[in-house]
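Remember, it's 1-based here, ligands and their atoms both numbered in the order they're listed. These numbers were taken from a predicted model, which means no experiment stands behind them.
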Amino acid sequence: MKRMRPLIKTAEYIKSLTDIKDEPEAMPQILLIGRSNVGKSSFINSLTNRKNLARISNTPGKTLALNFYLLNQNFYLVDAPGYGYAKRSKTIQKTFIEMIENYLLHAPHLKMVCILIDFKVGPTKDDLETYAFVKSLDIDIVIVATKKDKINKTLQKRQESNIKEILGHPKNFFAISNTTKENISIVSDFFISNITEE
Ligand SMILES: Nc1nc2c(ncn2[C@@H]2O[C@H](COP(=O)(O)OP(=O)(O)O)[C@@H](O)[C@H]2O)c(=O)[nH]1
Ligand SMILES: [Mg+2]
């Protein structure tokens with residue numbers, strides 16, 4: 001079998017910020033959002049084929065910052081803190097929402113929002129609210145369902161249809177696994193072709 005060459009050739013952490021006006025060098029950006037523990041950090045590591053570029057944790061951190069990772073020297077993956085973290089105080093939760101909304105509304109280089117949902121859990125209320133909000137903006141969206149490996153193979157197709165149904169058949173949808181790496185290269189390809197076509 002022909003081995004595919006890695007699509008993401010370089011990846012580096014650039015900086016963390018709370019206000020988009022402090023963004024690094026202007027380049028296209030893909031924002032990753034999802035609830036805490038959905039597998040966002042693992043997804044960044046899978047895409048970049050690195051074990052520890054983004055920190056994987058069972059205990060969601062309290063830091064509220066947008067983390068910028070530069071890929072292939074030509075676009076950023078932006079890791080936002082997870083939403084729906086129950087232990088977060090009301091004040092911090094408010095700051096979090098303001099930071100994300102401010103970014104979504106005022107980031108000229110934001111090209112796409114990638115909403116991560118848990119394949120096994122399906123879309124939560126928070127996921128659906130986030131999806132509705134992002135849909136109301138003029139920006140491309142891709143849904144990535146993580147942890148596909150957690151569902152028995154024979155039930156995966158049905159689960160995928162259920163999720164798509166709940167989401168109203170999104171235009172761009174991928175179910176992936178950070179454990180088996182299923183469909184990771186398809187998502188890399190999707191990111192790269194959508195970010196560079198202008
Ligand atoms: N089985 C399985 N576990 C995963 C997958 N992705 C992430 N995890 C696990 O889910 C937990 C949270 O992952 P993390 O990447 O830190 O989530 P984050 O809070 O969204 O950044 C960790 O224990 C990961 O090992 C996946 O695709 N399959
Ligand atoms: Mg994380």
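Contact of the Met112 side chain with the Phe190 side chain is registered, since non-hydrogen atoms from C-beta on lie closer than 4.5 Å.
Looking at ligand 1, you'll find an N or O of Ser42 within less than 3.5 Å of one of its N or O atoms. Not a single N or O atom of Phe43, backbone or side chain, sits closer than 3.5 Å to an N or O atom of ligand 1. Remark: ligand 1 and Gly39 share an N or O pair separated by less than 3.5 Å (distance only, no angle test). Of the N or O atoms in Ser36, none lie within a sub-3.5 Å distance of an N or O in ligand 1.
Taking every non-hydrogen atom of Lys40 and a distance limit under 4.0 Å, the qualifying atoms of ligand 1 come out as 15 (O), 17 (O), 18 (P), 20 (O), 21 (O). Remark: ligand 1 atoms within the under-4.0 Å shell around heavy atoms of Ser177 are 27 (O).
For the pair Asn45 (side chain) and Leu53 (backbone), a donor-acceptor distance under 3.5 Å is present.
Within 6.0 Å of NZ in Lys15 there are more than 12 heavy atoms belonging to other residues, nucleotides or ligands.
Of the candidates Lys147, Lys148, Arg35, Lys120, it is Lys147 that places a heavy atom closest to atom 10 (O) of ligand 1. When the heavy-atom distances from atom 11 (C) of ligand 1 to Asn37, Leu116, Asp79 are ranked, the shortest goes to Asn37.
Sorted by first and then second residue, the side-chain hydrogen bond (donor to acceptor under 3.5 Å, both in side chains) pairs involving residues 170-181 (not counting sequence neighbours) are Ser46-Asn178, Ser46-Lys181, Asp149-Ser177, Ser177-Thr180.
Using 4.0 Å as the threshold, Gly34 has no heavy atom nearer than that to any atom of ligand 1.
Just one residue in the list Phe191, Tyr13, Tyr76, Phe43 forms a ring-ring contact (aromatic ring centres under 6.0 Å, His included) with Tyr69, and that residue is Tyr13. When each of Lys111, Glu23, His109 is checked for a side chain to side chain donor-acceptor pair (under 3.5 Å) with Gln29, only Glu23 meets the rule.
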Show me, pair by pair, the donor-acceptor contacts under 3.5 angstrom made by side chains of residues 130-144, not counting sequence neighbours?
residue : atom : partner : partner atom : Å
Thr130  : OG1  : Asp126  : O            : 2.8
Ser136  : OG   : Phe133  : O            : 2.6

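Counting backbone and side-chain atoms alike, Ser42 contributes no N/O/S atom closer than 2.8 Å to the Mg ion (ligand 2).
Within the 4.0 Å heavy-atom criterion, the part of Lys150 lying near ligand 1 is the side chain and not the backbone. When non-hydrogen atoms are compared, ligand 1 lies under 4.0 Å from the side chain of Asp149 (C-beta onward) but not from its backbone.
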Stepwise salt bridge (Lys or Arg N to Asp or Glu O under 4.0 Å) test for Asp19 and Lys21: CA-CA 5 Å; Asp19 192 329; Lys21 72 176 188 324; 3.2 Å; yes

